[in-house]
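Atoms within each ligand, like the ligands themselves, are counted from 1 in listed order.
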Amino acid sequence: MSKVRVIAVVNQKGGVGKTTTVVNLSACLGEAGKKVLVIDADAQGNTTSGLGLEKNKLENTLYNVLLGEISISDAIQQTVAENVDIVPSNMNLSGAEIELVSLEDRESIVKENLSKIKNNYDFIVIDCPPSLGIVTINALVAADTVLVPVQCEYFALEGMEQLFHTIGLVQNNLNADLQIEGVVFTMYDSRTNLSIEVVEEVKKVLKPDMYSAIIPRNVRLGEAPSYGLPITIYDTKSKGAESYRLLAEMVIDKEWK
Ligand SMILES: Nc1ncnc2c1ncn2[C@@H]1O[C@H](COP(=O)(O)OP(=O)(O)OP(=O)(O)O)[C@@H](O)[C@H]1O
Ligand SMILES: [Mg+2]
């Protein structure tokens, strides 16, 4: 019997494809029969709306869980995707960065809460905000592994150093078991040398046990969120859907010591 794996999808750079990866990887894991819980840890709430929930009509969100107002099981909802549940978020969460500062054990609130419901799932996937603040640190403390989306663009490597430094700090101080799972190259365009170069450069710094997956730039992936649907439902035969299925296979097949 395999145990649950908690995956934090992290990159402090904005707009690199974190949310697109969380929504569609989770949907593909669910499609493959895995039980998935998504944690939307970003106040933008794009994962919440991308999985079909109305983010402005939520009673119970991650914010209420973090402040200890409700238990995590009261915040869990079903999504449009098969086998995928979510702890949703909306703008409320933007206050958390400040409000959590005064709390004891403020780095491990997400971990504490997940411990109560973890065993109901095969995978827990956390969408992080584009910052390395207290909410992202909570995700890294709760996580078994980190998955880093890298956009195939200029300056893709900029910020990677800071990210790996932060991951190192968390490993040294808060979560010694944290491992980097792999890199997802997003918005890849095989017609441009730039995309090819970014992949080559980043692969040079990956350890042998890390995998890398390529997600092409695909119009359907960009459209799906406005319908509140993951790509597996919006256009199940698209290149985007196929590429996220391949990523899901890598995630499932990856073995951990
Ligand atoms: N493979 C892709 N093909 C086409 N469009 C994509 C792809 N991946 C992401 N996008 C689009 O790029 C934009 C940024 O993606 P996304 O929201 O997933 O990034 P993010 O890292 O979560 O951003 P933020 O840092 O603001 O949370 C979105 O409009 C999304 O639809
Ligand atoms: Mg996002």
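- For atom 1 (N) of ligand 1, the nearest protein heavy atom is under 4.0 Å away.
- When only non-hydrogen protein atoms are considered, atom 25 (O) of ligand 1 lies nearest to Lys18 NZ, 2.8 Å.
- The side-chain heavy atoms of Lys18 and Val10, taken from C-beta on, include no pair separated by under 4.5 Å.
- The nearest heavy-atom contact from the protein to atom 23 (O) of ligand 1 is Gly15 N, 3.0 Å.
- Distance from atom 18 (O) of ligand 1 to its nearest protein heavy atom, with residue and atom name: Thr20 OG1, 2.6 Å.
- Under the 4.5 Å side-chain criterion, counting only non-hydrogen atoms from C-beta, Asn83 is not in contact with Lys34.
- In the vicinity of Ile215, heavy-atom distances shorter than 4.0 Å reach the ligand 1 atoms 1 (N).
- Within the 4.5 Å cutoff, no side-chain heavy atoms of Val135 are placed close to those of Tyr63.
- Atom CZ in Arg217 sits 15.0 Å away from atom NZ in Lys239 (nearest 0.5 Å).
- Within the 4.0 Å heavy-atom cutoff, Pro216 counts among the residues contacting ligand 1.
- In this structure, Val16 has a heavy atom closer than 4.0 Å to ligand 1.
- Annotation: side chain of Ile7 is not in contact with side chain of Ile124 (no heavy-atom distance under 4.5 Å).
- Of the protein's non-hydrogen atoms, the one nearest atom 17 (O) of ligand 1 is Thr19 CB, 4.0 Å.
- Under the 4.5 Å side-chain criterion, counting only non-hydrogen atoms from C-beta, Leu140 is not in contact with Asn175.
- Ligand 1 places these atoms under 4.0 Å from at least one heavy atom of Gly14: 25 (O).
- Within ligand 1, counting atoms from 1 as listed, the ones closer than 4.0 Å to a heavy atom of Leu221 are 1 (N), 2 (C).
- Distance screen at 4.0 Å: atom 14 (C) of ligand 1 has a protein heavy-atom neighbour inside the cut-off.
- For Asn46, every N, O or S atom stays at 2.8 Å or more from the Mg ion (ligand 2).
- For the pair Ile180 and Phe164, the minimum side-chain heavy-atom distance is below 4.5 Å.
- Residue contact check: Gln44 has heavy atoms under 4.0 Å from atoms 24 (P), 26 (O), 27 (O) of ligand 1.
- Between Asn218 and Ser238, some side-chain heavy-atom pair lies under the 4.5 Å cut-off.
- For atom 12 (O) of ligand 1, the nearest protein heavy atom (residue, atom name, distance) is Met187 CE, 3.8 Å.
- The protein atom (non-hydrogen) at minimum distance from atom 31 (O) of ligand 1 is Gly222 CA, 3.6 Å.
- Every atom of ligand 1 is numbered from 1 in the order shown, and the set under 4.0 Å from a heavy atom of Gly17 is 15 (O), 16 (P), 18 (O), 19 (O), 20 (P), 21 (O).
- A side-chain donor from one of Asp85 and Tyr121 sits under 3.5 Å from a side-chain acceptor of the other.
- Between the side chains of Thr19 and Asn46, no donor N or O sits under 3.5 Å from an acceptor N or O.
- Close N/O approach between Pro225 and ligand 1 is not found [any backbone or side-chain N/O within under 3.5 Å].
- At least one heavy atom of Asp42 sits closer than 4.0 Å to an atom of ligand 1.
- Under the 4.0 Å distance rule, the nearest protein heavy atom to atom 28 (C) of ligand 1 falls outside the cut-off.
- The nearest heavy-atom contact from the protein to atom 4 (C) of ligand 1 is Asn218 O, 3.2 Å.
- Using a 4.5 Å cut-off on side-chain heavy atoms (C-beta onward), Leu221 and Ile215 make contact.
- Side-chain contact annotation: Arg220 with Thr236, donor-acceptor N/O pair under 3.5 Å absent.
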